[in-house]
Amino acid sequence: MVGLNAPLPAQGILNPAVSTQGGMQQAAGLLFNGLVEIDENAEPVPELATEWEILDDGATYVFTLRDDVVFHDGTPLTAEDVKWTYEAALLRNHARTQASIGPALAEPCAPAPEPPSCPSIEAVEASGSTPATITFRFADAYGPLLQQLTHTEGAILPKHVWDGQPPPTAALPWPEGQDPVGTGPFRFVSHDASEIVYERNPDYFGTPQPYLDRVVQRAVEPAAQAQALAGGEIDWLWGVSGQDLPALEANPDIEIDIGSQSAGGSTNCVLKVVFNLFERGADPATVREGSAAPHPILGDLAVRQAIAHALDTDVYVDQVLQGNGTLASSPISSQIEFAHKDDPIPAFDPDEAARLLDEAGWVSPGEGEVRTRDGQPLVLEMVHFAGNESNLATKMSQDLALVGVELRLQQVDGSGKTALYGDRDFDTMVVSHCQGTDPEIGVRRFYHTTAITGAPFTNGAGYSNPEVDALFDEAAAEVDQEVRSDLYGQIQDLVVADLPYLWILETVTVRAHTVDCQGLRPYTGHFLEAAFCDR
Amino acid sequence: MVVVVVVSVLVDVIAPGDPFASSGPSLRPPTADHLMGTDNFGRDIARAVAHGVRTSMTIVCWVVVMSLVIGLAVGMISGYRGGWVDDLLSRTTEVFQAIPLFFLALLVVGFFGAGIDHLILLLGFTSWELLARVVRAQTLSLRQLEFMEAARSSGASSARIIVRHVLPNVLPAAVVVMALVGSRVILIEAALSFIGLGDPNQVSLGYLIYSAQPFLRVAWWMSVFPGLAIVVAVLAINLTGELIADVLGPRRTISGARTRIGGGAKGLVQAEPQLAPGTLASPDPERPR
Amino acid sequence: MLPVSSAVRFVLRRLVRAVPAVGTILVLTFVLIQLAPGDAVDALAGDGGDQATNDYLRSYLQLDRPIWEQFASYVGNLLRGDLGVSFVQGGTPVAELIGERVTATLLLVVTALVLSSLAGVLLGALAARWPYGRFDAALSTVSLVAYAIPGFWLAQLLVLVFAIRTGWLPVQGMTDARAEYTGLAAAADVARHLVLPAAVLSISELALVSRVTRSGLLTELSRDYVRTARAKGATERRSILGHALPNAMLPVVTIIGTRLGLLLTYAVVTETVFGWPGLGALLLSASQSRDRPVLLGLVLLVSVSVVLANLVTDLVYGWIDPRARQH
């Protein structure tokens, strides 16, 4: 019995290759496999691929496929399944995979709605004793590929299910009436409004795993989670809220896993504030060219620095995250080896904040009042979600009020945020995003000029610094980790000086399970693959 | 009610300061310093509740004023003029009556953000249908009475008759209905805030209960006091509506037979059936008695 | 009873008159969704899809066509009884999504309605039996307060007391997920989960029904026909139950009927607190993802049930009170 902290995904969308909605990750870990998995040390380990070869100085990857894999419907896995999954599903629909691998390939793939085709991905089927292989060709050396082939980033689908049908999209992830079919340790059984039921896949290539006969997934209200676990209603809880932690820790029947990684190897998520450097509503294209007008308030570096100095972040971990996390100390997550070690982010210093604002011409008409410049009040809007983001926004508005900056909060839902981000129609916005195992996956797209696209989780600040762009490009093509570390260090110095974002908190994920159930893998791979329950 | 009004008007004197400002350690149970404890941001709950009451009452006042204007106008004109005017207005009222109000509020606030201005406009423009039907029914029966005949035959204009003779007579019933609307508005605002659709820039009672949800196990005071405040506010509005209606004096009651029942629940009990009778398409809201 | 043909005509006339109201509500919802920031493709794209794919999705969902065309096509399908498929739930038919959940919501709402009606009439009758007595006064006060209590807050308190502190009742959900009960045991399991949410939803209903019953009864008891019955030696109990109560039921029936629609929408909040797998969660997620077909389907469901509840109320009314038939 697994309790989810996210809403239950609908049956129709249980396809992690085309949809990255909440709750999908957990379903993906049960039903699907990628070519390569990541272990608890973030090292790639074989999964559907038994081994791989890196050629042409890192521009070509050849993967050898297992020969004993069958889909849940009994059909054997072929190299064509893998190739088709990438060209028809992943590189068109998967948010992260299409944005990272797609542009790096030697030749571009055909866009929707053209027939799927990626000339840079080659499939060779098995013949005789030669196993099947799949080859990826990139334009230049491409370092992070092995981190991007897991079941969450590259779940492999059975091509034959779509024979004579249009390829899957987020709107129609499976042909009508088709149950989800994968290669994973568990098979799909049923789905209704309150739960998804899975059963053991007896033909799993990882046999004798899995050990569990049946798995039920259920969404649990946050307020009821801890109670449900302690009361034995569920065995395994994803995402324990900080305020419930002490009670669960004191419970001898419960074990807690605290960690920064989540299944699939995405590391520490960072809660940060995006400053819109250009006037609201500017077209992303004009921002990219640098021809848009600067933001009347935030275009000034001094104001951004003042905001950073105004935050009394000491209490943020407790009051925003209820203890589940740490203060961010660098633009790159502290869980990635390239994180800046010297904590360069501006520290709490309200006097300095006041001084910077005075100098920038924003003067206070009186104690506790909102600063003005030429009669214009220093009022900024902040767009955020509910939950932790709302806590952060509330806390920031408290702190900024003390230095004479008024922050007006605007809580939105997912579609609203995507639309505001795309139209660049915001002053500041809270964004929580996971950086993945390599800066190429989750860091580059917030800083590179080419990433000013208006798409969510891209360069929303509109930040453009040719030096930073060049360093990112250099780091992506570099194979020597020492050299990369130095390049990312320089990047972090530059972006902290320019402050297009404010990195505030790193969240950790806390999971809990009953002592009856062991062998759970909290932070890597298929979390229930090796689990067993004693009762 | 006196308490509620005093709190709303004098909130800055009783509970000075920004309700968003932190004023102590977080999640502390009630003490002499913080009568109702503090929340997860170290904010004083007592102060937040006082400001929350004001927010709720502000919304109520605006919505009541808007509904009064629309509802009285539609009801009196409809009842007095009759004919096609009545038909048209009654049909319009029916449409508004069929709108699942909470549902609509949920969509509007969810889509366009939770400013209290959105909420006031939405509720103000949709909460008048009950009043309109009650007033129309009253006007219809007033029209038959002798003093109206007298006024008409003395050559008074329609507008004059409506203002001088109809309005004073429908007012007591209107007050009772408005009390009902007022308490409904408080509950709707609170319910919306509770499912996370409140205005994050305004401390409201529902918002406080919503933020208490994750801390229920560790900080009961975060939920209990704002909830009590809602109960008190709703009670106060109902009782006051009743009181004003009594003061405004002898009248035909809404539902006809009036019996002495304890407390101030008369308005509640008498007005509620009016929610019902017209139903979606009934031509005569007075029908069920 | 009414002659059949006139009853049918009455029903038909009422249904036809309801069409403009329901139509207006549909148009309103349609326009609201259109005006809302973001669309279903924004929700589908999640944390960023390829532009070509998003364009393709918009044309696949026909979101790139003029709004009036989209509306016309929706109404066309609706008239053929087709509610369409969800934009974001993998093309699942709306009827299926609603069907999966409507039973849970109805179970909750109907239970609350029945409980509160029965208990409310009983309490009201007891209060009317000894008016102005101690029980009457207590009921007055309690129901007045009960009517002012916000349901979701009461829900929190009940969870705190009965689930968290004492552990007597489950905190959330409709069934115990671990156990696989069948037959009676399964029903008992659901019943255990049903206690708290149904109690929350009933409470203000109960207050209302008991008050209306009481005042209705007192009015009827003072009427001549009851006095006559009493004079003929009927017991107090008999004069209440046998004579006054049926007539006093008229306003009660009206209240119960009209509150159905309200309860359906307010159930959303109660379901949220208790993790009840009903329409509430569907409504919230559909609103967040701008899932228009699902939202319209829900709006339709609620407004049509209001229309039907009112209709049934009036029919029951006519059945109880012959006087009302003349209208």
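The basis for the numbers below is simple: all heavy atoms, side chains too, and nothing from hydrogens, waters or symmetry mates. The model shown is predicted, which means the values in this text are computed figures rather than measured ones. Order of the sequence lines fixes the chain letters, A, B, ..., with proteins taken first and strands second; residue numbering starts at 1 for each chain.
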Check your understanding: In Å and rounded to the nearest 0.5 Å, what is the CG to CD distance from Leu197(B) to Gln411(A)?
Key -> 7.5 Å
**Study point:** Best-contacting candidate, Val320(A), Val315(A), Asn391(A), against chain B by heavy atom pairs under 4.5 angstrom
**Key:**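 Top option by heavy-atom pairs under 4.5 Å: Asn391(A).
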Practice item. Examine whether an atom of Ala247(A) lies under 4.5 Å from a heavy atom of chain B, and if so say whether it belongs to the side chain, the backbone or both; otherwise answer neither. Key: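 Contact with chain B: side chain only.
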Check your understanding: Given that the side chain runs from C-beta out, which part of Asp399(A) has a heavy atom under 4.5 Å from chain B: side chain, backbone, both or neither?
Key ->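 For Asp399(A), neither part sits under 4.5 Å from chain B.
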Exercise for review: Tell me, for Tyr210(B) versus chain A, whether the close heavy atoms (under 4.5 Å) come from the side chain, the backbone, both or neither.
Suggested key: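 Contact with chain A is through the side chain of Tyr210(B) alone.
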Point to revise | Considering all heavy atoms, the nearest Asn201(B)-Leu407(A) contact | key: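 Minimum heavy-atom contact is OD1-O, 4.1 Å.
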Practice item. Locate the shortest heavy-atom distance separating Asp413(A) from Gly110(B); write the atom from each residue and the value. Key: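 Where Asp413(A) meets Gly110(B) most closely, the heavy atoms are OD2-O, 3.7 Å.
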Practice item. Look at atom CZ of Phe125(B) and say whether more than 12 heavy atoms of other residues, nucleotides or ligands are closer to it than 6.0 Å. Key: no
